[in-house]
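Some notes on the structure that comes next.
Both counts, for ligands and for their atoms, begin at 1 and track the order of listing. Because the structure is predicted, anything quoted here is derived from the model rather than measured.
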Amino acid sequence: MNGNLKLAIQKSGRLTEKSLQLLRACGLDIENYSDRLIVSARNYELDLLFLRDDDIPEYVQDGVADIGIVGEDVVIEKEADVEIIKRLAYGRCRLMLAGPEDRNIPELDQLNGKRVATSYPKILSNFFRNNKIDAKIIQISGSVEIAPSLGIADYICDIVSTGNTLKLNKLKKFITVFDSEAVLIGSKNLTSDTEKFLKLKNLILRIESALNAKNSKYLMMNIPKSALQKIREILPALKSPTILPLADESMLAVHAVIPSEMFWEIQEKLHLAGASGLLLIPIENMIL
Ligand code: PRT
Ligand code: ZN
C-alpha cells in the first residue's frame, strides 16, 4: 500500500461529474477514469476510488478510503461512524413526504397508521419517532414514486430536486424530512496518521479555495473620482476595493471581489452612480 490519501467518490451518478470538477478546480490532474476502480492524481499524492455511493460511508468508516464525497442523505441513512468535514454546496436536494395530488394534504398526525414507502427507512423512522408518529414504513430500493399507484403505500418519502418526478406521477410534496447536499466525509482514525492528516489539511484548503472562487467574481470598472463614495456604498463589504488612478485624472479604476449572484443586483446601481466599462471576470482560486 502506498501512503497516498485515498478519496472515494461516486463511480457513476449525479455526484460524479461535479466531484471531479471540484477536484480539478483544486489543481488535481486526474485522467479520464473510464472503467477503472482506482486512479491516481498525476500531480498529488492522492488515489481516487470509484464506488457506488451507498458503499462510500462504510468504506470510509472502515478506513478502506480515508475520505469520501457522498450525499449527506446517504451518510445519515447508513449511520456510518464518520466525520462530516465540509459541505460542498452541490447535489442539493430534499427528502420529502409526498402523496397523491387528488387527496388533501395531511397534517403530520394524520400519517398515524398509514403506509409510507421510502428508500430511506432509517432517516424516516427517526423523523417519525421525533414527531411521535406511528406509521408503517415500506422499504423500497428504487422507483418509490410508483408505490401509491401500485397500491402498496399511501404516501412516499423520497428525494425531490426539481419536483418533475412527483408531478409526472401525480404526487405532491407536503413536508421536508431532511435537507441534503454533497459532503466531504473523513475517517475518524485519520488523526493518528500525521503525514496523511497533513495531506488532508492541504486538500481541504484547496477545496475551500475552489468553493470560494466558484461563488465569487472579480469586478472591474471605471468611475468618476467624484462618485467614489457612492460606489463604495453599493459594493459589498467583503474587502475594501482596489482603487487605481487612470490617465484621465478625473477618473479612477475600481476592482472588487463580489459574490457572483450579486452582480445583476448591483450593476444598475453602479451605472446610475456613474460607473462605466464594467468587466466581470471568473476567479480560479481564492485563499482567504
Ligand atoms: O449507482 P449509485 O448507487 O452510486 O447511485 P444512486 O442511483 O443511488 O444515486 P444518484 O446518483 O441518483 O444520487 C446520488 C446523490 O445525489 C443522492 O444521494 C442525493 O444526495 C443527490 N441527489 C440530488 C439526488 C437528486 N438530487 C435526485 N433528484 N438523488 C436522487 N434524485 C432522484 C430522486 O430519487 C427521484 O427519483 O431524482 C428523482 C427526483 O428528481 P426531480 O428532479 O424529478 O425532483
Ligand atoms: Zn446508490
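- Here D66 does not pair with K6 in a salt bridge; the nearest charged N to carboxylate O distance is not below 4.0 Å.
- Every atom of ligand 1 is numbered from 1 in the order shown, and the set under 4.0 Å from a heavy atom of V160 is 44 (O).
- Counting only N and O atoms by type, the side chains of N285 and S209 include a donor and acceptor under 3.5 Å apart.
- Taking the charged nitrogens against the carboxylate oxygens, K86 and E208 do have a contact shorter than 4.0 Å, which makes a salt bridge.
- Both tests pass for R103 against the ring of Y155: distance under 6.0 Å to the centre and angle within 45° of the axis.
- Close approach of ligand 1 to G71 (heavy-atom distance below 4.0 Å) involves ligand atoms 20 (O).
- In the hydrophobic clustering of this structure, L200 groups with I207; members are Ile, Leu, Val, Met, Phe, Trp, Tyr whose side-chain heavy atoms approach within less than 4.5 Å, directly or through other members.
- Residue D54 has at least one N or O atom closer than 3.5 Å to an N or O atom of ligand 1.
- The nearest heavy-atom contact from the protein to atom 20 (O) of ligand 1 is D73 OD1, 2.9 Å.
- There is no protein heavy atom closer than 4.0 angstrom to atom 7 (O) of ligand 1.
- For ligand 1, the atoms lying closer than 4.0 Å to a non-hydrogen atom of N164 are 43 (O), 44 (O).
- Around the Zn ion (ligand 2), the protein contributes the following N, O or S atoms at distances under 2.8 Å: D53 OD1, D54 OD1.
- Side-chain contact between V183 and I69 is absent, with no heavy-atom pair separated by less than 4.5 Å.
- Heavy-atom proximity to G91, at under 4.0 Å, picks out these atoms of ligand 1: 21 (C), 23 (C).
- The pair R94-E181 does not count as a salt bridge, with every side-chain nitrogen at least 4.0 angstrom from each carboxylate oxygen.
- The closest side-chain donor-acceptor pair between D158 and Y120, if any, does not fall under 3.5 angstrom.
- With a 4.0 Å cut-off on non-hydrogen atoms, D158 touches ligand 1 through its side chain and not its backbone.
- Between the choices E181, K11, R52, the shortest heavy-atom distance to atom 1 (O) of ligand 1 belongs to R52.
- Salt bridge annotation for R87-E72: present, with a cationic side-chain nitrogen under 4.0 angstrom from a carboxylate oxygen.
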Exercise for the section: List the steps and the verdict of side chain to side chain donor-acceptor pair (under 3.5 Å) for Q229 and E233. Expected result: CA-CA 6 Å; Q229 189 50 35; E233 281 163 18; 3.3 Å; yes
Exercise for the section: Run the numbers on K122 and E79 for salt bridge (Lys or Arg N to Asp or Glu O under 4.0 Å), then give the verdict. Expected result: CA-CA 8 Å; K122 288 192 176 137; E79 297 181 325; 3.7 Å; yes
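- With 3.5 Å as the limit, one finds no donor-acceptor pair spanning the side chains of D134 and N112.
- Checking only distances, G163 does come within under 3.5 Å of ligand 1, N or O to N or O.
- Remark: ligand 1 atoms within the under-4.0 Å shell around heavy atoms of G13 are 11 (O).
- Looking at I159, V74, D53, T162, it is D53 that brings a heavy atom closest to atom 9 (O) of ligand 1.
- For atom 12 (O) of ligand 1, the choice among Q10, E145, K173, R14 with the nearest heavy atom turns out to be R14.
- The closest side-chain heavy-atom distance from L235 to L219 is below 4.5 Å.
- Those atoms of ligand 1 that come under 4.0 Å of a heavy atom in C93, given as number and element, are 19 (C), 20 (O), 21 (C), 22 (N), 23 (C), 26 (N).
- Here the protein heavy atom with the shortest distance to atom 39 (C) of ligand 1 is T165 OG1, 3.4 Å.
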